[in-house]
Amino acid sequence: MDLLDFIDTFPESLLAVDLDGRILRVSSVCAAMLDIKAGGLAGYSLAELSVDTAQHLDACLKLWAGGASYTPARLRLRKGTGELVDFVCEGARYRPDRAHSVLLLKLRLKDATENMFKELTRQVASLEQEVVRRLRAEQKLLEADRRKDEFLAMLAHELRNPLAPIMNSLHLLRLSSDPSRALNNCRAIMERQVRQLARLVDDLLEVSRWTRGAAELQRQIVSLSGIVQDAVATSKPLIDAAGHDFELKIPPRELFVYGDSARLVQMLSNLLNNAAKYTPSGGKIVLSLDVEDGQVVAKIIDNGIGIAPSMLEQVFDLFVRTDNSPDQVSGGLGIGLTLVRQIVQAHGGRVTAASEGENRGSQFIVHLPLHQQVSLAISSVDPSRPSPSLMGLRILIVDDNRDAANSMAAMLGMLGNDVQAVYGGHEAITVMTAFEPEVVFLDIAMPGMSGYEVCRRIRSNTAACRPMIVALTGFGQQGDRLSSREKGFDEYLVKPVSMETLQSVLAAKRRNSLPAAG
Ligand code: ADP
C-alpha cells in the first residue's frame with residue numbers, strides 16, 4: 001500500500017502536498033478539522049486554503065522541503081465554514097521514491113490558551129476604551145449640568161433685571177399727580193426693557209427649537225446686501241448707544257446665498273450685537289464681506305475685550321460665557337453664539353472666532369456657500385437709510401386676540417404701511433376683496449373659522465388677489481410648519497414674533513415684488 005493511500009485513514013490530522021504546495025491527500029481527521037469533505041481538497045493548493053501571504057507560504061514550503069524532521073510553522077487557514085483559524089503546521093520532506101518528493105504536514109490548532117489569552121487581552125482593551133469613553137461622557141454631562149445650573153441662575157437674574165424698571169415705571173404712572181409728564185420717560189424705559197425681555201424669550205425659544213431639531217430653514221436665493229442692511233438696521237441702535245464707530249466694507253457687486261433670510265439676519269445681528277456689547281464705549285466695529293474660493297466670507301471685527309485662546313472654540317457652546325465678560329454687560333445668557341453656529345452650519349457654512357487675547361479685540365468669521373448669480377453692480381448700502389422693507393405695504397392682520405392684532409397693526413401702521421386688523425375668519429374673508437392686502441398675518445387657532453380655513457378660502461378664490469400669507473401660531477412644531485405650507489401659507493411664524501422677524505418677512509415680500517434688477 002502506498003503511503004499516500006495510507007494517509008486517508010491515518011488517525012492524525014495529516015495533509016500531503018507536493019513541493020509547490022499542491023494538495024495530494026488529506027486525512028479524514030484533517031478534513032473534519034477543516035470542516036471539509038474528505039477528498040474535497042484534491043486539486044487545490046495550499047495557497048487557496050490559506051490566507052497567508054505568498055511569501056510566507058513560500059518560506060514554509062522551503063523550510064519543510066529542506067529537512068527530514070518535522071519543523072513547525074504557523075498557517076492561517078480558511079475552514080469550509082469560511083471561518084479563519086490559526087494552525088500550527090509541522091511539516092517534513094518525505095521521499096516515497098527517488099523521483100518524487102512529498103511534504104507531509106501535520107496540522108494542529110494553534111495553542112487554544114494562547115488564542116484565549118489574545119481574546120481576553122482584546123476584551124480588556126476594549127473594556128478600558130469603553131470605561132474611558134463613559135468617563136468622558138460623564139464629565140461632559142456634569143459640565144453641561146453645571147452650566148445649566150449657572151444658566152438657570154443667570155436666567156432668573158436676567159429676567160428680573162428688566163422687570164424692576166417696568167414695575168417702577170408703572171408705580172410712577174399710578175402715583176404721579178400728572179401722569180402725562182411722566183409718560184414719555186416711563187414709556188421709553190418700558191419699551192427698552194420689554195424689548196430686552198422679548199429678546200431673551202425669543203432667543204430661548206429659538207435655541208430650544210434648534211436643540212429639539214424643530215428648527216427649519218425657509219430657503220430661497222437671497223441677496224446678502226439686503227441681509228446685511230437688515231442686520232445693521234437691527235443692531236445699529238446698540239452700536240450707536242455705545243458710541244462705537246461702525247464701518248461697512250462690502251464689494252461693489254451683489255452676492256447671493258441660498259438661505260433663510262430671517263435666520264441670516266438674526267445670525268449677523270447677533271454677531272454685531274456681541275461686538276457692540278463686548279467692546280468698551282467708543283470702540284470700532286467693522287463688518288466686511290468678501291468672496292474667497294467660491295464662498296462668501298463675512299467678518300465682524302471689534303477692538304473690544306477680546307477672547308482668551310482657550311475659549312475661542314468654547315464660546316460657541318450653549319450657556320458659555322467667558323470670564324472676562326464685564327459684569328455690567330447684561331442680557332447675555334450664552335446662547336447667541338450657539339444660535340449663530342447652528343444657523344451657519346444649517347446653511348452649509350462654518351463660523352470661527354479669532355482673537356489675539358484679552359483686550360485685543362475679536363473677529364468672528366462666517367463662511368457661507370456663495371450662490372452663483374448674475375452679478376449686479378450696486379452702489380453701496382447706507383446703514384443709516386431706513387429699511388424699505390417696512391413701508392408702503394397693504395397688510396391685513398387676523399387674530400382673535402384683539403390686543404395682539406391691534407398692537408401689531410399700530411406698529412406696522414406707524415412704519416408707513418396701510419394696515420387693517422380684524423378679529424375673526426369670516427371678517428377676514430369679507431374685507432379681502434375690498435382691501436386687497438399684499439400681506440396677511442393670519443392667526444391659526446381662532447374660534448369660528450380657523451386660520452387654515454381662512455387661508456384655503458383666500459387661495460381658492462382665484463378672482464381675488466394673491467397675497468403673501470403668514471401663519472402666526474403659538475407652537476413651533478415641525479409638523480405644523482409642514483402642514484401650514486401644504487395648506488397655502490408662504491411663511492410660518494411662532495408667536496411672539498420679534499420686530500426683526502417681521503422686518504425680514506416684509507423685506508422678503510418687498511424684494512420679491514420689486515421689478516427684477518438688471
Ligand atoms: P451672550 O448672550 O452671553 O453674549 P453669546 O453666546 O453670544 O452669549 O456669547 C458667548 C460669550 O462669548 C459671551 O458671553 C462673551 O463672553 C463671549 N463673546 C462673544 N462675542 C464676543 C466679542 N465680540 N468679544 C469678546 N467676547 C465675546
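Order of appearance sets the numbers: ligands from 1, and atoms from 1 within every ligand. Note that the numbering runs from 1 along the sequence shown for the chain.
Listed by number with element, the atoms of ligand 1 under 4.0 angstrom from any heavy atom of Gly336 are 5 (P), 6 (O), 7 (O), 8 (O). Close approach of ligand 1 to Val320 is summarised as follows: ligand atoms under 4.0 Å from at least one heavy atom of the residue are 10 (C), 11 (C). Here is the list of ligand 1 atoms found below 4.0 Å of a heavy atom in Ile335: 6 (O), 8 (O).
Using a cut-off of 4.0 Å between Lys/Arg side-chain N and Asp/Glu carboxylate O, Arg456 and Glu453 are scored as salt-bridged. By the 4.0 Å N-to-carboxylate-O rule, Asp490 lies close enough to Arg459 to be salt-bridged with it. Note on Lys249 versus Asp290: no salt bridge recorded, every NZ/NE/NH1/NH2 to OD/OE distance being 4.0 Å or above.
Open room surrounds CD on Glu356; 12 or fewer heavy atoms of other groups in view lie less than 6.0 Å from it. Around the CZ atom of Arg146, the shell of radius 6.0 Å holds more than 12 heavy atoms that belong to other residues, nucleotides or ligands.
Within the 4.0 Å heavy-atom shell around ligand 1 one finds Gly334.
For Phe364, every heavy-atom contact with ligand 1 shorter than 4.0 Å involves the side chain, none the backbone. When non-hydrogen atoms are compared, ligand 1 lies under 4.0 Å from the side chain of Lys277 (C-beta onward) but not from its backbone. Contacts between Asp302 and ligand 1 below 4.0 angstrom, taking non-hydrogen atoms only, involve the side chain exclusively. With a heavy-atom cut-off of 4.0 Å, Ile305 touches ligand 1 through its side chain alone. Here Ile307 has side-chain heavy atoms under 4.0 Å from ligand 1, and that is the only part of it that gets that close.
Between the side chain of Asp400 and the backbone N or O of Gly424, no donor-acceptor pair lies under 3.5 Å. Distance alone, capped at 3.5 Å, is enough to place a donor-acceptor pair between the Arg394 side chain and the Phe435 backbone.
In the candidate list Asn270, Leu337, Val340, Leu337 is nearest to atom 5 (P) of ligand 1, counting heavy atoms. For the residues Ala275, Ser362, Ala353, the heavy atom positioned nearest atom 25 (C) of ligand 1 is part of Ser362.
Polar contact with ligand 1: present for Asn274 (N/O pair, distance under 3.5 Å).
Asp443 and Tyr423 share no side-chain donor-acceptor pair at under 3.5 Å.
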